[in-house]
Protein chains: 2
Amino acid sequence: MSQLDTVNRILDAAEVLFAERGFTETSLRTITSTAGVNLAAVNYHFGSKKELIQAVFERFLTPFTENLDRELNRRESQAQLQLEDLLQSLYRVALAGLAREGRDPKRFMRLLGLAYTQSQGHLRRFIVSRYGASYRRFAGQLSDALPQVDPVTFYWRLYFMLGATIFSLSSFDAIEAILREDFGAESSLDETLARLAPAAVAMLTAPDVGAG
Amino acid sequence: MSQLDTVNRILDAAEVLFAERGFTETSLRTITSTAGVNLAAVNYHFGSKKELIQAVFERFLTPFTENLDRELNRRESQAQLQLEDLLQSLYRVALAGLAREGRDPKRFMRLLGLAYTQSQGHLRRFIVSRYGASYRRFAGQLSDALPQVDPVTFYWRLYFMLGATIFSLSSFDAIEAILREDFGAESSLDETLARLAPAAVAMLTAPDVGAG
DNA sequence: CATCAATTAAAACGTTTGTTTAAGAGCTGA
DNA sequence: TCAGCTCTTAAACAAACGTTTTAATTGATG
């Protein structure tokens, strides 16, 4: 087993277990025994548990933001500012790009949800410093497509949209199971994104009552 | 110090610390030293850490659902099915009711977010079994106010709405700090709810493209 | 084949965790 | 006043945690 094997086996196991249980609830012993490697391998290859967590996110977020940036470049050169298209860029191009590389987009959203809600200060700092530029660029193009919306209102709605997206997609399997039981209706991720995009657009473009 | 004092001091400390750090990241020793009581008091009065977590939620959710049920009763007797009013019931009556009883609605939303995202199976079961009826009743009235929306679409949008609400309100302080820095605009919870309600309405009533 | 660095392995480290125990204190009612 | 119950206290428990150490093993290079 080469070094690269060991590192990837650890990342694979950690990614699945973190998404299932959270960071604190997943011990290094569970990760290493699932991966079939020695306990000390984590500290040897990654340094610490914190750095392993960051590495798991790096493996997800780097291709994701690369896909997103490519799409934002394409859009910028064409000066298109269609709102629904922009969300489709986020939802389809970036997520489908992940899927094409063999990474589960649902697991990605689940991890992203954890990054927001589990109070891991180091992780938030890591993500902001590493991927904050792409996020601000996307938010900027989104804001440009909504010139009629007051900036403060826009940013609140951006967080509403993020919440709706991260929350529902990170709990996708649970919600899907409930709907399947109650309505016998199977839902795919693509189908859910096709529901989410127009709902998000409606929320972003709602008449601004100008609270405050 | 009476027994009731000890119990309440523990609940007060646990509520704040859980909301700040999460369940696993908060030790019983931190809770009891913050509360100024003996370590063993938690196991004596509550039985275990899990039951303490449930007790914290019970103290929040019981008055919240009571307020909500009262409002739903009032609406049912009047046969009003105005969508925006219904959300205002949830947002203002229930949350403002909490505030009137001295309980911080922001902390409540933060805890509710944790309940969804931190994988505490026992807590989810506790909440569903105890407060599921009120939730289904609210969802039912909301569904009745949207007769034109396909049931499966409705339920997905319900989760989108829950996500937007829980996510943005549970991170209220963090978001507010960012907006204050970037725009110098202070945001109150009431103001944010006044932004959230119409955004949620717009999302729920968006044209149903009928995905699937 | 011998050498040397990189990697793996097993074991132990010191902390921290939730929980339990056993003794003490404080109050109540007879 | 004293028995009896409730509650608090201090101490200890075993288990689990992340990390470190030291030795064995591997694989490439001279």
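Labels below follow one simple rule: chain letters A, B, ... track the order of the sequence lines, proteins then strands, and each chain is numbered from 1.
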Separation of [N] [atom2] from [X] [atom1] (nearest whole Å):
{"X": "Arg9(A)", "N": "dT8(C)", "atom1": "CZ", "atom2": "C1'", "value": "13 Å"}
{"X": "Asn38(A)", "N": "dA9(C)", "atom1": "CG", "atom2": "C1'", "value": "5 Å"}
{"X": "Leu17(B)", "N": "dT17(C)", "atom1": "CG", "atom2": "P", "value": "12 Å"}

**Study point:** For Phe167(A), the option from Phe160(B), Trp156(B), Phe167(B), Tyr116(B) that meets ring pair (Phe, Tyr, Trp, His ring centres under 6.0 Å)
**Key:**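 Checked Phe160(B), Trp156(B), Phe167(B), Tyr116(B) against Phe167(A); only one passes ring pair (Phe, Tyr, Trp, His ring centres under 6.0 Å): Tyr116(B).
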Exercise for review: Could you verify whether a donor N or O on one side chain and an acceptor N or O on the other, from Arg92(B) and Asn67(B), lie under 3.5 Å apart?
Suggested key: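 Note: Arg92(B) and Asn67(B) side chains miss the donor-acceptor criterion.
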Point to revise | Single hit among Arg107(A), Arg21(A), Lys106(A) for salt bridge (Lys or Arg N to Asp or Glu O under 4.0 Å) with Glu15(A) | key: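 Answer after filtering Arg107(A), Arg21(A), Lys106(A): Arg107(A).
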Practice item. Could you list the residues that satisfy side chain to side chain contact (heavy atoms under 4.5 Å, CB included) with Ser188(B), not counting sequence neighbours? Key: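 Residues passing side chain to side chain contact (heavy atoms under 4.5 Å, CB included) with Ser188(B): Asp190(B), Glu191(B).
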Point to revise | Flag, side chain of Thr30(A) to backbone of Thr26(A), donor-acceptor distance under 3.5 Å | key: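 No, the answer is negative, given that no donor and acceptor are paired below the 3.5 Å cut-off.
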Practice item. With the side chain counted from C-beta on, respond yes when Tyr131(B) and Thr62(B) share a heavy-atom pair under 4.5 Å apart, and no when they do not. Key: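 Counting from C-beta outward, Tyr131(B) and Thr62(B) do come under 4.5 Å.
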Review point. Once each nucleotide of nucleotides 16-24 of chain D is scored for protein heavy atoms under 4.0 Å, what B/S/- sequence comes out, 5' to 3'?
Key: -BBBB----
Exercise for review: May I ask you to evaluate whether His45(A) reaches the phosphate of dA6(C), defined as a side-chain N or O under 4.0 Å from OP1 or OP2?
Suggested key: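 His45(A) to dA6(C) OP1/OP2: no side-chain N or O under 4.0 Å.
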